[in-house]
*Asks:* 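This is the structure, below, for whatever I ask next.
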Number of protein chains: 2
Amino acid sequence: MRKGEETRNRILDVAEAAVLQKGFGGTSIEELIVETGITKSGFFYHFKDKNELAKALLNRYIENDERIYDEIFSRARDLMDDPLQSFLLGLKLLSELVADLPNGHPGCLVATVCYYERLFDREIQETNRNAVLAWRRRFGRMFREIMAVYTPREPVDVDQLADMVSSVLEGGIVLSKTLKEPNTLAEQVLMLRIFVRMLFLPAIESPLVAVRHDQIYGTVRSGGL
Amino acid sequence: MRKGEETRNRILDVAEAAVLQKGFGGTSIEELIVETGITKSGFFYHFKDKNELAKALLNRYIENDERIYDEIFSRARDLMDDPLQSFLLGLKLLSELVADLPNGHPGCLVATVCYYERLFDREIQETNRNAVLAWRRRFGRMFREIMAVYTPREPVDVDQLADMVSSVLEGGIVLSKTLKEPNTLAEQVLMLRIFVRMLFLPAIESPLVAVRHDQIYGTVRSGGL
DNA sequence: AGAAAACTGTACCGCGGGTACAGGAGGGGA
DNA sequence: TCCCCTCCTGTACCCGCGGTACAGTTTTCT
């Protein structure tokens, strides 16, 4: 029972890395069993076909993903009481996390599935959809807390704002991978942070900035308005 | 000679749609020749292997993509003289364009290649990288023009800001496709527009807003600062 | 008319996904 | 101790697909 779980996870580890590099269609079961050191029969004992593998892979990925967000933002929440400041800190921590990945972000399975959709069954597509909706709810919840305290400088829809977080992450991963510039993703997260800060805070430095409005606006205005 | 081009393009049309739905690995040459109404030999007369097909597909996609951006932003430039206003209009036009796609955005080949990389040769990976760099240069050029007139509210790196446009587009496509919500992409583009406007303009409505700073800041401050 | 371009047809190869089973090692409970 | 259940291994086989080879045919341009 325990041994089986372990083998299964080893297969999933190997499969995840391969799929993120080559897509599902580009990943052969053959290579997975070679790298895992298992036989073909052994593989099919754990997963009855490729679709089942994909399902397990995606579910595990999403769970792990959720866990990471939970950790980061709850840690940020422990350090900062203000919802905005805690969210901004969370983004900072997130940018550091992705910056520290040795070979850059390996890729997002949700995006992989998205660009492979038609070959999977409804269930996988639904799982994927729900993962994105969970992000929307997660970040939406955080933005609602923020909006209970801060009024946004511009009228924005909370869900769309929440989706912006997912967009920048997904897009940043694509850019980072394509450019082979590992730090691009972290930079994009920090750009998003600037967006959020700018949306809810009146000026650049800290929440204590109120006294400096004139100075800051003076600068901006002299810049061309 | 002319006939050949036409057939080739028909194959590319069919292939592009299929690849965006199922990825390269999930798209069989078999199905392409069936849908195109050509024979296998005919296919290999035009493309010596799948890699060559991918190369042609990607190049054509990128060219078309560039053409669309050229059109949109040059049209915006004709209507607005101010670089910021013209860029903001361009984003508006872009959001309308993607909102009008009947079944939502079909997907971005650059992202597809990004999530399939290892199975292609260096040349394709370089082409893909250059496409993203071209976006960076394009939007970077536009932001530099803007910055010659406007001072950003927060210090930002031009390249990172330019990448933000690509990120939101790529990410928005992933979200839109995964959620099966065609309008999500358009909404994300408009969120990006809000970001850019907020970054370079002092307040919500127009460049003439300077008189209302107190009122706006009053609102924010009463909200929790 | 003739050459080149643009195919069709046929036959074949190897790889990978997948199926079908038979059987074996090893641990845990009766 | 025996048996059963989990967790595999080994073998054999099918088929779809990518790809090759090449001969022959039609279409198109000059």
Side-chain angles (χ1 to χ4, degrees), chain A residues 1-58 60 112-113 115-121 123-124, chain B residues 1-58 60 112-113 115-121 123-124:
Chain A
M1 292 176 179
R2 203 43 152 298
K3 182 79 178 311
E5 276 298 302
E6 198 206 306
T7 306
R8 201 182 134 98
N9 278 325
R10 236 172 50 240
I11 297 174
L12 288 174
D13 287 338
V14 172
E16 185 171 315
V19 165
L20 288 174
Q21 282 193 345
K22 297 171 291 192
F24 280 99
T27 301
S28 73
I29 294 179
E30 210 69 31
E31 66 176 290
L32 297 183
I33 68 179
V34 168
E35 203 166 338
T36 316
I38 205 180
T39 60
K40 206 171 182 179
S41 316
F43 176 89
F44 283 107
Y45 169 76
H46 289 286
F47 308 98
K48 76 170 211 284
D49 55 23
K50 232 183 172 184
N51 194 77
E52 191 115 323
L53 172 69
K55 208 178 290 180
L57 218 49
L58 184 60
R60 199 183 71 143
T112 303
V113 169
Y115 276 106
Y116 200 70
E117 54 170 312
R118 281 266 167 254
L119 289 202
F120 293 129
D121 55 21
E123 191 186 341
I124 288 196
Chain B
M1 291 174 178
R2 201 46 153 296
K3 182 78 179 310
E5 276 298 302
E6 197 207 303
T7 306
R8 201 182 135 97
N9 278 325
R10 235 172 53 239
I11 297 174
L12 288 174
D13 287 338
V14 172
E16 185 171 315
V19 165
L20 288 174
Q21 283 192 345
K22 296 172 290 191
F24 281 99
T27 301
S28 72
I29 293 179
E30 211 69 30
E31 67 177 288
L32 297 183
I33 69 179
V34 168
E35 203 166 336
T36 316
I38 205 179
T39 61
K40 206 171 184 181
S41 318
F43 176 88
F44 283 106
Y45 170 76
H46 288 287
F47 308 98
K48 76 171 211 283
D49 55 23
K50 230 183 174 185
N51 194 78
E52 191 114 324
L53 172 69
K55 208 179 292 181
L57 218 48
L58 184 59
R60 199 183 71 143
T112 303
V113 169
Y115 276 105
Y116 200 70
E117 53 170 313
R118 281 265 167 254
L119 288 203
F120 292 129
D121 56 21
E123 191 186 339
I124 288 196

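Throughout, a chain's letter reflects where its sequence line sits, starting with A, and its residues are numbered from 1. Here the structure is a predicted model, which is why all the values come from computation and not from measurement.
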*Asks:* Among B/L58, B/I29, B/L32, which residue meets the side-chain contact (heavy atoms from CB on, under 4.5 Å) test with B/L53?
*Replies:*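 Between B/L53 and the candidates, side-chain contact (heavy atoms from CB on, under 4.5 Å) is satisfied uniquely by B/L32.
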*Asks:* Distance check needed: D/dG18 C1' versus B/L53 CG, whole Å only.
*Replies:*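 Between C1' of D/dG18 and CG of B/L53: 12 Å.
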*Asks:* According to ring-ring contact (aromatic ring centres under 6.0 Å, His included), who are the partners of A/F120, at least two apart in sequence or on a separate chain?
*Replies:*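 ring-ring contact (aromatic ring centres under 6.0 Å, His included) list for A/F120, sorted by chain: A/F24, A/Y116.
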*Asks:* Quickly work out the B/F24 CZ to D/dG18 C1' distance and round it to whole Å.
*Replies:*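 Computing the B/F24:CZ to D/dG18:C1' distance gives 15 Å.
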*Asks:* Which pairs with one or both residues in residues 10-19 of chain A pass salt bridge (Lys or Arg N to Asp or Glu O under 4.0 Å), sequence neighbours excluded?
*Replies:*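 Pairs touching residues 10-19 of chain A that pass the test: A/D13-A/R60, A/E16-A/R60.
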*Asks:* Backbone N or O of A/T27 within a donor-acceptor pair of the A/K50 side chain at under 3.5 Å?
*Replies:*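 Yes, because the side chain of A/K50 sits within donor-acceptor range (under 3.5 Å) of the backbone of A/T27.
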*Asks:* Under the side chain to side chain contact (heavy atoms under 4.5 Å, CB included) rule, what do B/V113 and A/Y115 come out as? Steps first, then yes or no, please.
*Replies:* CA-CA 10 Å; B/V113 169; A/Y115 276 106; over 6 Å; no
*Asks:* Between CG of A/N51 and CD1 of A/I124, what distance do you get to the nearest 0.5 Å?
*Replies:*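 Rounded to the nearest 0.5 Å, the CG-CD1 separation comes to 4.5 Å.
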*Asks:* Does anything in residues 26-35 of chain B pair up under salt bridge (Lys or Arg N to Asp or Glu O under 4.0 Å), and if so which pairs, sequence neighbours excluded?
*Replies:*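 Passing the test, one end in residues 26-35 of chain B: B/K22-B/E31.
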*Asks:* For nucleotides 8-18 of chain C, read 5' to 3', which letter fits each nucleotide if B means a protein heavy atom sits under 4.0 Å from the base, S means only the sugar-phosphate is that close, and - means neither?
*Replies:* BBB-----SBB
*Asks:* Atom CZ of A/R8 and atom P of D/dT6: how far apart are they, to the nearest Å?
*Replies:*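 Distance check: A/R8 CZ to D/dT6 P gives 15 Å.
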*Asks:* Can you tell me the distance, in whole Å, between the CD1 atom of B/I33 and the C1' atom of C/dA6?
*Replies:*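 Whole-Å distance recorded here is 16 Å.
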*Asks:* For B/F47 and C/dC7, give me the distance from atom CZ to atom C1', rounded to whole Å.
*Replies:*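 One finds 14 Å between C1' of C/dC7 and CZ of B/F47, rounded.
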*Asks:* For A/K55, what residues pass the side-chain hydrogen bond (donor to acceptor under 3.5 Å, both in side chains) criterion, not counting sequence neighbours?
*Replies:*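 So A/K55 forms a side-chain hydrogen bond (donor to acceptor under 3.5 Å, both in side chains) with A/E123.
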*Asks:* Output yes when at least one side-chain N/O atom of A/H46 is less than 4.0 Å from OP1 or OP2 of D/dC7, else no.
*Replies:*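 A/H46 to D/dC7 OP1/OP2: no side-chain N or O under 4.0 Å.
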*Asks:* How long is the line joining CZ of A/R10 and P of D/dC7, in whole Å?
*Replies:*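 Checked: the CZ to P distance equals 13 Å.
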*Asks:* When the axes are fitted on five pairs at both termini, how much does the helix from C/dA1-D/dT30 to C/dA30-D/dT1 curve, in 10° steps?
*Replies:*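 It works out to 20° between the end axes.
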